[in-house]
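No experiment lies behind these values; they were computed from the predicted model shown.
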Amino acid sequence: MPTTTMLDQATAMIENTWGQPIEALEVVGVRRPSEDPLLRCAMHTRAALAITDSAVTVHQDRLHALSRHGYVPDLCPLPGCVRGHHRHPAPSRGGPGR
């Protein structure tokens, strides 16, 4: 069972408060934004949540792709590591103070 997201909760709250489906409220908010400033604010907040929800979904999909069984990333997450081969530090040039 999927969990309820903040976007789903905001949508339900807006629909319950104004007593109309979100699609109808979007039309009202665009055509007559000055009639109900609170609706405009709620719809703006919902739009921001929709963008955030989409970004989270994309990042979760990437994370699942990177963490699937048998996957070997191109770059090693450890500093100085490239495909399992450690780079050795450059030899010192010697001399005083170096």
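In this structure, Arg62 and His59 have side chains that are in contact, with non-hydrogen atoms separated by less than 4.5 Å. Here the side chains of Val27 and Arg31 are in contact, with some heavy-atom distance below 4.5 Å. The side-chain heavy atoms of Met43 and Ile22, taken from C-beta on, include a pair separated by under 4.5 Å.
Rounding to the nearest 0.5 Å places OG of Ser54 at 12.5 Å from CG of Leu49.
At least one donor-acceptor pair under 3.5 Å links the side chain of Thr17 to the backbone N or O of Met13. Judged purely by atom type and a 3.5 angstrom limit, Glu15 has no side-chain atom pairing as donor or acceptor with the backbone of Gln20.
Under the 4.5 Å side-chain heavy-atom criterion for ILVMFWY residues, a single connected hydrophobic cluster contains both Ile14 and Val28. Residues Leu38 and Leu25 fall within the same hydrophobic cluster, defined by Ile, Leu, Val, Met, Phe, Trp and Tyr side chains chained together at heavy-atom separations under 4.5 Å.
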Working for salt bridge (Lys or Arg N to Asp or Glu O under 4.0 Å), residues Arg46 and Glu26: CA-CA 10 Å; Arg46 183 183 174 277; Glu26 286 173 337; 3.4 Å; yes
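Between the side chains of Asp8 and Thr11, not a single donor N or O lies within less than 3.5 Å of an accepting N or O.
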